[in-house]
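Before any comments, here is the structure.
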Number of protein chains: 2
Amino acid sequence: MNEVPQISNSELKIMKVLWKKAPATANDIMDHLSKSTDWKPTTIKTLLSRLVKKEAIDFEEENRTYYYYPLVKEKEYVKAEGTSFLKRVYGGALTVMIANFLETEELSDEDIDELKTILNKKKER
Amino acid sequence: MNEVPQISNSELKIMKVLWKKAPATANDIMDHLSKSTDWKPTTIKTLLSRLVKKEAIDFEEENRTYYYYPLVKEKEYVKAEGTSFLKRVYGGALTVMIANFLETEELSDEDIDELKTILNKKKER
DNA sequence: ATATATAGATTACACGTGTAGTTGAAAAAA
DNA sequence: TTTTTTCAACTACACGTGTAATCTATATAT
């Protein structure tokens with residue numbers, strides 16, 4: 001479990017596609033992202049190259065085409081980002097952070113029940 | 001309630017000092033931060049200037065010295081960052097995010113009780 | 001066999017950021 | 001009054017990022 005490299009916002013969009021479906025070619029990714037961005041194909045190539053360099057992804061070649069797949073797992077990334085956010089904004093105070101989200105955001109009754117269930121399970125153990 | 005400007009990591013350290021105690025001079029800030037960073041005074045000046053430009057802070061002059069104070073409130077910043085993090089990493093799924101934090105981080109029994117209390121209050125309303 | 005399309009590699013370029021050094025003007029000290 | 005200190009302003013400079021355009025080599029179509 002190596003360090004999770006820094007992944008920029010644009011790069012993250014690529015990662016998300018690969019986490020959903022890999023291996024994928026640059027064109028596959030282009031298709032996925034054409035709805036939400038208007039990136040040119042070269043932009044995607046650039047981002048892919050940078051991600052390879054950072055060892056966030058890797059690829060295998062077949063007939064002059066690269067099939068990319070993630071090296072960094074989504075779980076790892078999410079964990080790392082969460083920890084970093086927690087530290088940067090809340091100085092690491094998890095409870096404060098969660099309390100803050102609970103208080104300032106909208107939650108349905110179902111959401112609330114779900115979270116309570118998790119809390120209960122957590123306590124038992 | 002204007003938009004919260006982009007505040008970088010280094011700038012955030014300055015903001016945190018000002019949120020704790022304002023108005024403050026560059027030297028005051030230097031003192032506060034000398035324990036946790038080894039920034040040169042000019043670095044702090046630069047960051048202060050950038051924050052003024054972004055209208056995250058402002059200042060009043062007295063005897064050729066600037067007394068800085070925040071324009072962006074901590075609450076506003078924290079809210080904005082939280083929302084942005086939530087969207088970027090979790091696609092906006094608050095419950096998923098909280099559930100994830102609850103599951104992967106350590107929580108004391110007291111923490112758990114506190115959070116449950118918040119949830120209960122939330123539901124009543 | 002030659003022209004064209006295609007994939008990846010290389011180059012580009014502006015803007016934000018981290019981190020200062022230098023300059024200029026005013027205040028304080030000598 | 002001349003020197004020194006002290007602010008803030010201006011300049012610097014490398015690196016990451018967002019976003020491509022161009023180049024090069026191969027594959028494909030004619």
Side-chain angles (χ1 to χ4, degrees), chain A residues 3-18 23-69 72 77 80-81 84 88-89, chain B residues 3-18 23-69 72 77 80-81 84 88-89:
Chain A
E3 289 309 297
V4 173
Q6 212 46 48
I7 292 175
S8 77
N9 280 328
S10 291
E11 288 163 359
L12 181 56
K13 294 189 185 152
I14 304 271
M15 292 303 291
K16 282 181 173 167
V17 174
L18 290 179
T25 67
N27 282 338
D28 294 340
I29 294 170
M30 184 73 194
D31 289 346
H32 270 265
L33 291 181
S34 59
K35 289 117 193 175
S36 54
T37 74
D38 49 0
W39 285 345
K40 302 289 175 289
T42 48
T43 298
I44 292 181
K45 305 284 183 66
T46 299
L47 294 171
L48 284 167
S49 299
R50 290 180 182 169
L51 285 167
V52 168
K53 193 161 180 200
K54 297 178 175 185
E55 300 181 76
I57 67 178
D58 202 356
F59 61 86
E60 281 178 19
E61 184 192 325
E62 199 171 307
N63 304 325
R64 302 296 114 206
T65 297
Y66 289 2
Y67 291 81
Y68 295 91
Y69 56 89
V72 172
Y77 172 80
E81 276 305 295
S84 144
R88 188 167 43 85
V89 177
Chain B
E3 288 311 298
V4 173
Q6 211 46 49
I7 292 174
S8 78
N9 279 329
S10 291
E11 288 163 357
L12 180 56
K13 294 189 184 152
I14 304 271
M15 292 303 291
K16 283 182 171 165
V17 175
L18 290 179
T25 67
N27 282 337
D28 295 340
I29 295 170
M30 184 71 193
D31 289 346
H32 269 265
L33 292 180
S34 59
K35 289 118 193 176
S36 54
T37 74
D38 49 1
W39 286 344
K40 302 289 175 290
T42 47
T43 299
I44 293 182
K45 305 285 183 65
T46 299
L47 294 171
L48 284 167
S49 299
R50 288 180 182 167
L51 285 167
V52 168
K53 191 161 182 199
K54 295 178 176 186
E55 298 182 74
I57 67 178
D58 202 355
F59 63 85
E60 281 179 20
E61 185 192 324
E62 197 172 307
N63 304 324
R64 303 292 116 208
T65 297
Y66 289 1
Y67 291 81
Y68 295 91
Y69 56 89
V72 172
Y77 172 79
E81 274 308 292
S84 144
R88 187 166 44 84
V89 177

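All figures in this text were calculated on a predicted structure; none of them were measured in a lab. Residue numbers begin at 1 in each chain, while the letters A, B, ... track the order of the sequences.
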Q. Where do B:Tyr69 and B:Asp58 land on the side-chain contact (heavy atoms from CB on, under 4.5 Å) test, with the steps shown first?
A. CA-CA 6 Å; B:Tyr69 56 89; B:Asp58 202 355; 3.6 Å; yes

Q. Do A:Ile29 and A:Leu47 pass the side-chain contact (heavy atoms from CB on, under 4.5 Å) test, and can you show the C-alpha distance, the side-chain angles, and the key distance before you say yes or no?
A. CA-CA 11 Å; A:Ile29 294 170; A:Leu47 294 171; over 6 Å; no

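Judged by atom type and distance alone, B:Arg50 reaches the base of C:dT19 through a side-chain donor-acceptor pair under 3.5 Å. Below the 3.5 angstrom threshold, one finds no donor paired with an acceptor across the side chain of A:Thr65 and the base of C:dA7.
A side-chain contact (heavy atoms from CB on, under 4.5 Å) with B:Val17 is found for one member of B:Asp28, B:Asp31, B:Leu33 and no other, namely B:Leu33. When each of B:Gln6, B:Lys54, B:Lys16, B:Arg50 is checked for a side chain to side chain donor-acceptor pair (under 3.5 Å) with B:Glu11, only B:Lys54 meets the rule.
Both A:Ile7 and A:Arg64 lie near DNA chain D, and the one whose nearest nucleotide falls closer to the 5' end is A:Ile7. Residue whose closest nucleotide on DNA chain D sits further toward the 5' end, between A:Lys54 and B:Ala26: B:Ala26.
At a threshold of 4.0 angstrom between heavy atoms, the contacts of B:Asn63 with the nucleic acid are absent. The residue B:Leu48 sits apart from the nucleic acid: no heavy atom pair falls under 4.0 Å. In this structure, A:Ser10 reaches the sugar-phosphate backbone alone: every heavy-atom distance under 4.0 Å involves primed, P, OP1 or OP2 atoms, never a base. Residue contacts shown for A:Thr25 are absent, as no nucleic acid heavy atom lies under 4.0 Å away. In this structure, A:Ser8 reaches the sugar-phosphate backbone alone: every heavy-atom distance under 4.0 Å involves primed, P, OP1 or OP2 atoms, never a base. Nucleic acid contact class of B:Lys40 (heavy atoms, under 4.0 Å, all strands): sugar-phosphate only.
A:Leu51 places its CG atom 14 Å from the P atom of D:dG16, with the value rounded to the nearest Å. When rounded to the nearest whole Å, the span between NZ of B:Lys53 and C1' of D:dC10 equals 11 Å. To the nearest angstrom, C1' of D:dG16 lies 9 Å from CD of A:Glu11. Atoms CG (B:Asn9) and P (C:dG18) sit 6 Å apart, rounded to a whole Å. Computed from coordinates, the B:Glu60 CD to D:dA8 C1' distance equals 17 Å when rounded to whole Å. Rounded to an integer number of Å, the gap from NZ of B:Lys13 to C1' of C:dT19 is 12 Å. The CD-P distance, from B:Gln6 to D:dT17, rounds to 14 Å in whole Å. Rounded to an integer number of Å, the gap from CD of A:Glu62 to C1' of D:dT26 is 16 Å.
At most 12 non-hydrogen atoms from other residues, nucleotides or ligands lie less than 6.0 angstrom from CD of A:Glu60.
Closest to the A:Lys45 side chain, of the nucleotides D:dT22, C:dG8, C:dT10, is C:dG8.
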